[in-house]
Colleague: 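Take a look at this one; I'll ask things after.
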Amino acid sequence: MLLKIFWAFVKKESFHILRDTRTLFILFGMPIALVLIFGYTVTNEFKDASIAVIDEAQDDLSQSLVEHLTASGHFRLIDMPPNKAGIEAAFRAGTVKFAVVIPPQFERRFYRDKQASVQLIADATEPNYATTLTSYASQMIGAFQNEHAEQGALPYQLDIETRMLYNPQLEGAYNFIPGVVALILMLICAMMTSLTIAKEKETGTMDLLLVSPLPPILIIIGKVTPYVLLAFVDALIVFVMGVYIFNVPILGNLGVLLGLCLLYLLVALALGVLISTRSTTQQTAMMTSMFTLLMPTMLLSGFLFPIASMPSFLQYLSTIIPARYFIDIEKAVMLKDAGWEAIYWPSLILVIMLLVLLVAARRNFKVIYK
Amino acid sequence: MSSIVVDRVSKSYDAVEAVKESQFSVEKGELFGLIGPDGAGKSTLFKMMTTLLIPDTGDILIEGFHTVREYKKIRKIIGYMPGRFSLYQDLSVEENLQFFATIFGTTIQANYHLIEEIYTQIEPFRKRRAGKLSGGMKQKLALCCALIHEPKVLFLDEPTTGVDAVSRAEFWDMLKRLKSKGITIIVSTPYMDEASLCERIALIQTGEILRIDSPENIIHGFDKPLFAVSAQNFYQLLQDLRTQPFTERVEAFGEFLHLTTKEAISTEKIEAFLNFKGHREIEIHPTTATIEDVFLDLI
């Protein structure tokens with residue numbers, strides 16, 4: 001009997017979803033759009049960066065340094081202004097974001113004085129881009145130096161060997177795929193469910209459901225089940241796009257990953273139900289979800305900005321953001337194939353959050369109004 | 001045992017007292033009307049009777065069950081049609097009915113005899129989405145959904161508001177037939193003309209019940225002299241009568257003015273006065289009160 005009622009709810013809710021193009025778009029257009037946007041536009045990677053080189057030395061060594069820099073394929077030389085004044089104009093015009101200045105007598109200083117300098121100039125109006133270019137160029141110049149230094153010429157040389165663990169190519173996708181999954185699950189489970197429940201309140205159908213003999217918990221479960229399934233499908237879509245388009249590996253156990261996805265999804269769901277118990281219109285549900293869920297999930301979860309570099313107040317605030325723990329779990333399982341000891345703590349926190357939220361939602365869900 | 005007992009029930013929203021010490025009861029199988037203007041407290045009373053709202057003071061029993069302590073039992077035996085159309089607009093007629101049948105643990109087939117008369121009228125549109133139905137159709141569908149689980153008591157909160165005159169008349173016919181099946185029906189309406197279609201009515205205003213009786217008794221209880229008056233210049237007529245010392249109240253009732261006088265007065269005397277005021281085509285005769293006259297007299 002209860003099962004039959006449950007299915008009636010699932011069927012009804014599916015009709016609501018399928019007959020509303022806006023909902024359909026949010027459910028299926030949004031995840032794909034987010035992955036593509038983050039994958040192709042929001043990225044610190046660079047290819048073919050236009051750089052200028054002012055070679056004031058014009059000797060063999062300076063020529064080969066320029067060749068070395070351009071050979072990588074990451075830098076594209078643009079017409080070189082002959083002097084520093086020209087380069088400043090180019091920076092102001094925005095045609096150049098990065099320049100390398102090789103001083104006169106570069107070769108002589110390098111071999112004879114063992115003391116040559118190269119100046120790097122970057123347009124820091126885009127700080128991330130400037131930092132990335134500078135560090136990349138520094139690395140290449142360092143390599144160049146090693147290549148050309150005579151054996152024993154630099155007696156006290158400290159070799160720095162850098163290894164980027166778990167993401168050797170520093171691919172942005174390794175960060176944003178887990179982030180997008182966390183965001184999408186929050187969006188669908190929390191925002192969509194709070195909206196759909198608030199809608200029933202707003203149109204008065206919730207009164208009809210409450211006046212029926214159904215236990216309220218069944219009403220809620222019946223309503224949210226289709227969203228759980230859809231959110232899960234969305235998570236799979238994002239993972240598949242990550243693996244096949246952006247080559248993000250899933251090194252760990254897929255079952256564990258999906259299982260913990262489900263846990264996070266339930267947390268999001270409980271949040272959505274809690275919000276809906278406090279809002280009587282779709283508008284308030286929407287606004288509450290936006291400001292208490294989506295923004296923090298984007299900004300405070302470590303998805304867009306590293307938590308370690310936040311002011312301590314925001315770091316504390318980020319400890320109550322479920323997405324933070326889920327992203328940790330995802331990265332541990334997907335990129336590191338980390339064992340149970342790495343994921344049990346964030347998982348435990350999510351379980352505790354889930355329990356607290358369920359109790360709060362239960363207390364707030366009014367069967368009869370005061 | 002009465003089907004509905006409302007015992008000294010009060011309810012306030014913040015500072016506003018929506019229902020004050022209301023008290024009435026409805027017998028089994030009775031068609032009972034709550035008559036009053038918008039904001040009189042009708043919907044609040046309905047929400048308390050249908051277990052959606054807890055009264056501040058007082059008790060309500062539905063079929064012997066207490067609305068707060070035994071709300072679960074009540075929810076099995078009542079049908080509720082809220083004040084505004086509250087079905088799923090994006091589901092079809094059939095899907096809505098099917099859904100409500102299922103959540104009440106029954107099927108359309110099992111109780112088809114209850115809704116047959118009403119449902120056959122909307123059946124040609126059963127594939128149409130509820131949001132695309134006309135006002136009268138929506139109301140019929142909502143009634144079907146409220147009836148599908150064979151309730152013992154039917155609560156209809158302003159079912160005819162926003163519905164055309166023909167559909168309203170049809171709707172009241174349906175209610176009479178339902179009543180003959182032994183279902184207790186309590187209906188609220190702001191339309192005074194619908195009051196006479198109920199067996200008993202309660203007149204309600206700003207949360208207070210003014211009078212409870214059969215419509216006939218309520219009308220007979222009105223003992224003041226009442227005249228229907230009309231003349232060519234209707235507006236001037238209203239103005240002139242309002243300012244007269246013999247006038248207690250004048251209200252427009254369709255093509256006539258209803259004039260209540262403070263004491264007995266002959267039609268000739270009024271006519272003479274109106275002639276003196278320069279009115280033409282004067283028509284005047286004593287008339288019997290309507291529910292609206294009584295209502296306006298009470299407030």
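Predicted model only: the values in this text are computed from it and were never measured. Convention: sequence-line order gives letters A, B, ...; per-chain numbering from 1.
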Colleague: Measure the spacing between CD of B:Q98 and NZ of A:K11 and express it to the nearest 0.5 Å.
Modeller: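 It is 6.0 Å, given to the nearest 0.5 Å.
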Colleague: Taking all non-hydrogen atoms of both residues into account, name the closest pair between B:T102 and A:I5 and its distance.
Modeller: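 Shortest heavy-atom contact: O-CG1, 3.4 Å.
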Colleague: Would you compute the distance between atom OG1 of B:T51 and atom CG of A:L210 and round it to the nearest 0.5 angstrom?
Modeller: 8.0 Å
Colleague: At their closest point, which heavy atom of A:G204 faces which heavy atom of B:R84, and how far apart are they?
Modeller: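 That would be N-NH2, 3.7 Å.
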Colleague: Checking heavy atoms, do the side chain of B:Y80, its backbone, both or neither come under 4.5 Å from chain A?
Modeller: both
Colleague: Near B:K152 NZ, under 6.0 Å, is it more than 12 heavy atoms from other residues, nucleotides or ligands?
Modeller: no
Colleague: Would you say B:E123 has more than 12 foreign heavy atoms packed within less than 6.0 Å of its CD?
Modeller: yes
Colleague: Nearest 0.5 Å, what's the CD-CZ distance between B:Q89 and A:R19?
Modeller: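 B:Q89 atom CD to A:R19 atom CZ measures 13.0 Å (nearest 0.5 Å).
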Colleague: Evaluate the ring planes of B:Y88 and A:H16, with Trp represented by its six-membered ring, and classify them as parallel (under 30°), tilted (30 to 60°) or perpendicular (over 60°).
Modeller: tilted
Colleague: Quick check on B:S92 against chain A: is it the side chain, the backbone, both or neither that has a heavy atom closer than 4.5 Å?
Modeller: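 For B:S92, backbone heavy atoms alone lie under 4.5 Å from chain A.
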Colleague: Please look at A:F9 and chain B and tell me whether the side chain, the backbone, both or neither of the residue comes under 4.5 angstrom of a heavy atom of that chain.
Modeller: both
Colleague: Give, for atom CD of A:E13 and atom CZ of B:F99, the distance between the pair rounded to the nearest 0.5 Å.
Modeller: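 One finds 8.5 Å between CD of A:E13 and CZ of B:F99.
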Colleague: Around B:K132, counting heavy atoms of other residues, nucleotides and ligands shown, do more than 12 lie under 6.0 Å from its NZ?
Modeller: no
Colleague: When rounded to the nearest 0.5 angstrom, what distance separates CD1 in B:I103 from CG in A:L218?
Modeller: 9.5 Å
Colleague: For chain A, which of B:R129, B:K47, B:H149, B:M48 has the most heavy-atom pairs under 4.5 Å?
Modeller: B:R129
Colleague: Hey, is the main chain of B:S86 close enough, under 3.5 Å, to the side chain of A:T203 for a donor-acceptor pair?
Modeller: no
Colleague: Heavy-atom cut-off 4.5 Å, strictly under: side chain, backbone, both or neither for A:T205 against chain B?
Modeller: both
Colleague: Within this structure, what is the CG-NZ distance for the pair A:L214 and B:K72, rounded to the nearest 0.5 Å?
Modeller: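 Reported to 0.5 Å precision, the distance equals 12.0 Å.
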Colleague: Under 6.0 Å from the CE atom of B:M174, do we count more than 12 heavy atoms belonging to anything else shown?
Modeller: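 More than 12 heavy atoms, drawn from other residues, nucleotides or ligands, come within 6.0 Å of this atom.
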